[in-house]
Enquirer: 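This is the structure, below, for whatever I ask next.
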Amino acid sequence: MPATFDLPRYLSVLPLFGDMQPQELQALAQQGCQLHRMGRGETVFRVGQSCDAFHVVVTGQVKLYALSPSGAEKVIELVGPGNSFGEALMFTDRPHIVNAQTLSECLLLSISKAAVMEEIARDPRFALRMLAGVSRRLHGLIRDVESYCLHSGIQRVIGFLLSEQDDDDYGDGETLTVSLPVSKATIASRLSLTPEYFSRVLHELEAEGLIQIDRRDIRILNTRGLASYPLQ
């Protein structure tokens with residue numbers, strides 16, 4: 001574990017552990033947590049492996065994905081700093097049902113199932129906080145299914161570009177920059193689109209004067225116009 005990384009302090013700012021006392025955080029850090037430095041493209045876990053911990057991304061990016069029998073990859077979720085993954089299966093005693101792989105150099109925090117169960121026994125409110133996190137992920141997955149079924153491909157791309165913006169932020173003439181955290185192919189898979197279609201939509205939006213593409217930086221030149229396209 002890096003000597004410069006204050007693990008109890010990091011745990012204290014995560015919503016899941018925010019109510020724990022300093023001595024409890026210290027004990028959890030020493031007995032139930034491990035830090036892992038991983039390079040780009042490394043496997044965190046695979047389908048079928050036992051689930052004896054959940055993980056928090058401290059730095060970097062992780063993708064959760066499934067593979068079809070033909071080997072085609074479907075990205076299910078992109079997990080960035082401060083976010084966790086793998087919690088739900090700890091309570092089912094079942095193996096992992098998706099794969100997890102790093103998309104960049106990562107620092108991952110693994111919190112053991114035994115430590116989680118001990119904390120739940122000590123403080124039932126901890127179980128409610130974990131349930132809230134799992135519920136948020138489920139809500140996100142339901143939103144994704146709704147988007148795939150009801151929204152066109154171009155609407156999905158626009159929704160992704162505006163996903164960090166509130167409706168009230170759609171000011172006329174305002175320029176915003178979205179830096180793609182991963183490759184366009186990975187984002188396309190996340191949106192259930194082909195990479196070719198994703199690129200074609202971006203170039204169509206650029207031709208309409210709504211965005212400007214600079215490698216992985218997408219400058220949104222007209223948020224209101226982009227939000228209403230192609231319905232305007």
Side-chain angles (χ1 to χ4, degrees), residues 36-49 55-86 96-108 137-165 175-221 223 226-227 229-230:
H36 307 275
R37 290 196 180 275
M38 305 185 73
R40 179 180 180 181
E42 290 194 47
T43 296
V44 183
F45 53 74
R46 290 188 175 92
V47 170
Q49 290 183 334
H55 311 274
V56 179
V57 178
V58 181
T59 61
Q61 197 93 16
V62 171
K63 69 174 177 181
L64 306 183
Y65 68 99
L67 291 174
S68 71
S70 65
E73 179 181 295
K74 170 65 179 86
V75 177
I76 298 169
E77 189 172 2
L78 299 174
V79 187
N83 294 302
S84 59
F85 60 98
H96 287 293
I97 57 175
V98 297
N99 306 286
Q101 183 184 48
T102 60
L103 290 171
S104 63
E105 290 188 354
C106 288
L107 181 61
L108 297 184
R137 176 163 286 113
L138 176 61
H139 183 66
L141 292 174
I142 292 173
R143 259 199 333 266
D144 288 345
V145 171
E146 180 184 45
S147 174
Y148 303 152
C149 294
L150 301 179
H151 297 165
S152 67
I154 196 168
Q155 287 173 324
R156 280 178 250 164
V157 174
I158 291 171
F160 169 78
L161 294 175
L162 296 175
S163 60
E164 299 300 319
Q165 307 301 320
T175 300
L176 304 169
T177 299
V178 176
S179 295
L180 303 184
V182 293
S183 70
K184 292 177 183 177
T186 299
I187 293 172
S189 178
R190 176 72 177 84
L191 299 175
S192 289
L193 303 171
T194 65
E196 296 77 15
Y197 183 84
F198 182 71
S199 292
R200 189 161 67 247
V201 168
L202 290 180
H203 288 298
E204 176 182 334
L205 297 175
E206 186 174 43
E208 292 290 333
L210 298 171
I211 66 172
Q212 187 177 62
I213 304 170
D214 183 9
R215 297 186 179 180
R216 286 196 179 183
D217 288 337
I218 310 294
R219 280 188 285 277
I220 302 175
L221 306 177
T223 52
L226 183 62
Y229 186 86

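Keep in mind the model is a prediction, meaning the values are calculated, not measured. Values below: all heavy atoms of this structure, side chains included; hydrogens, waters and symmetry mates excluded.
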Enquirer: Main chain of Glu42, side chain of Thr102: is a donor-acceptor contact present, judged purely on distance under 3.5 Å?
Expert: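 Checked: pair present.
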
Enquirer: Without swapping roles, check the side chain of Thr59 against the backbone of Leu107 for a donor-acceptor pair under 3.5 Å.
Expert: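 Between the backbone of Leu107 and the side chain of Thr59 there is a qualifying donor-acceptor contact (under 3.5 Å).
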
Enquirer: Does Glu105 have more than 12 heavy atoms from other residues, nucleotides or ligands lying within 6.0 Å of its CD?
Expert: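 No.
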
Enquirer: What are the two closest heavy atoms between Cys106 and Gly60, and how far apart are they?
Expert: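 Looking at all heavy atoms of both residues, the shortest contact is SG-CA, 3.8 Å.
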
Enquirer: Could you tell me whether the side chain of Tyr65 reaches within less than 4.5 Å of the side chain of Val47, counting heavy atoms only?
Expert: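 Val47 does not reach Tyr65 side chain to side chain.
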
Enquirer: Can Glu73 and Lys63 be counted as an ion pair, charged N to O under 4.0 angstrom?
Expert: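 Between Lys63 and Glu73 there is a salt bridge, with a charged N closer than 4.0 Å to a carboxylate O.
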
Enquirer: Under 30°, 30 to 60°, or over 60°: which ring-plane class applies to His96 and Phe45, parallel, tilted or perpendicular?
Expert: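 Judged by the thresholds at 30° and 60°, the geometry between His96 and Phe45 is parallel.
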
Enquirer: Other residues, nucleotides and ligands only: do more than 12 of their heavy atoms fall within 6.0 Å of CD1 on Ile97?
Expert: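 Atom CD1 in Ile97 is not packed in, count stays at 12 or less.
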
Enquirer: For Ser192, does its backbone N or O pair with a side-chain atom of Arg156 as donor and acceptor, under 3.5 Å?
Expert: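 Side chain of Arg156 to backbone of Ser192: a pair is present.
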
Enquirer: So, Ser104 side chain and Gln61 main chain: donor-acceptor pair closer than 3.5 Å or not?
Expert: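 Yes: the side chain of Ser104 pairs with the backbone of Gln61.
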
Enquirer: Would you say that Arg46 contacts Gln101 through its side chain, given a criterion of any heavy-atom pair below 4.5 Å between the two side chains?
Expert: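 Counting from C-beta outward, Arg46 and Gln101 never come under 4.5 Å.
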
Enquirer: Go through Leu205 and Leu161 one step at a time and tell me if the side-chain contact (heavy atoms from CB on, under 4.5 Å) criterion holds.
Expert: CA-CA 11 Å; Leu205 297 175; Leu161 294 175; 4.2 Å; yes

Enquirer: What is the distance from atom CG of Leu193 to atom OG of Ser152, rounded to the nearest 0.5 Å?
Expert: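 Reported to 0.5 Å precision, the distance equals 9.0 Å.
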
Enquirer: Tell me yes or no: between the side chains of Glu204 and Tyr229, is some donor less than 3.5 Å from an acceptor?
Expert: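 Checked: Glu204/Tyr229 side chains pair up, N/O donor to acceptor below 3.5 Å.
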
Enquirer: Any chance you could lay out the salt bridge (charged side-chain N to carboxylate O under 4.0 Å, His left out) test for Lys184 and Glu196, step after step, and finish with the verdict?
Expert: CA-CA 9 Å; Lys184 292 177 183 177; Glu196 296 77 15; over 6 Å; no

Enquirer: If you define the side chain from C-beta out and look only at heavy atoms, does anything of Ile220 sit under 4.5 Å from Leu210?
Expert: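 No, side chains not in contact.
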
Enquirer: Are Leu108 and Val56 side-chain neighbours, meaning at least one heavy-atom pair lies under 4.5 Å?
Expert: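 In short, these two side chains do not touch, never coming nearer than 4.5 Å.
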
Enquirer: Side-chain contact, heavy-atom cut-off 4.5 Å: Asn99 with Leu64?
Expert: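 A side-chain contact under 4.5 Å is absent here.
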
Enquirer: Show the numbers, then the answer: is there a side-chain contact (heavy atoms from CB on, under 4.5 Å) between Val57 and Asn83?
Expert: CA-CA 6 Å; Val57 178; Asn83 294 302; 5.7 Å; no

Enquirer: For a 4.5 angstrom cut-off between non-hydrogen side-chain atoms, does Thr177 reach Asp217?
Expert: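 Yes, their side chains come closer than 4.5 Å.
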
Enquirer: If every non-hydrogen atom of Ala227 is compared with every non-hydrogen atom of Ile158, which pair is closest and at what distance?
Expert: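 Smallest interatomic distance, heavy atoms only, reads CA-CG2, 4.4 Å.
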
Enquirer: Do Leu78 and Leu103 come close enough that some side-chain heavy atom pair is under 4.5 Å?
Expert: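 The answer is yes; the side chains approach within 4.5 Å.
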
Enquirer: Taking the side chain as every heavy atom from C-beta outward, state whether Asp214 and Arg219 have any pair of such atoms under 4.5 Å apart.
Expert: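 SC-SC contact between Asp214 and Arg219 confirmed.
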
Enquirer: Show your working on side chain to side chain donor-acceptor pair (under 3.5 Å) between Ser183 and Thr186 and close with a plain yes or no.
Expert: CA-CA 5 Å; Ser183 70; Thr186 299; 2.9 Å; yes

Enquirer: What are the two closest heavy atoms between Ser84 and Val79, and how far apart are they?
Expert: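 Reported closest heavy-atom pair: O-CG1, 4.1 Å.
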
Enquirer: Report the distance from atom CD1 of Ile218 to atom CD of Gln212, rounding to the nearest 0.5 Å.
Expert: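 Spacing of CD1 (Ile218) from CD (Gln212) equals 9.5 Å.
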
Enquirer: To the nearest 0.5 Å, what is the distance between CD1 (Ile211) and CD (Glu208)?
Expert: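 The CD atom of Glu208 is 10.5 Å from CD1 of Ile211, to the nearest 0.5 Å.
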
Enquirer: For a side-chain contact (heavy atoms from CB on, under 4.5 Å) check, start with the C-alpha distance between Tyr197 and Ile154, then their side-chain angles and the critical distance, and finish with the verdict.
Expert: CA-CA 9 Å; Tyr197 183 84; Ile154 196 168; 4.3 Å; yes

Enquirer: Using only atom types and a distance under 3.5 Å, with no angle test, would you say the side chain of Ser68 pairs donor to acceptor with the backbone of Ala72?
Expert: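 Yes, the answer is positive, given that a donor and an acceptor are paired below the 3.5 Å cut-off.
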
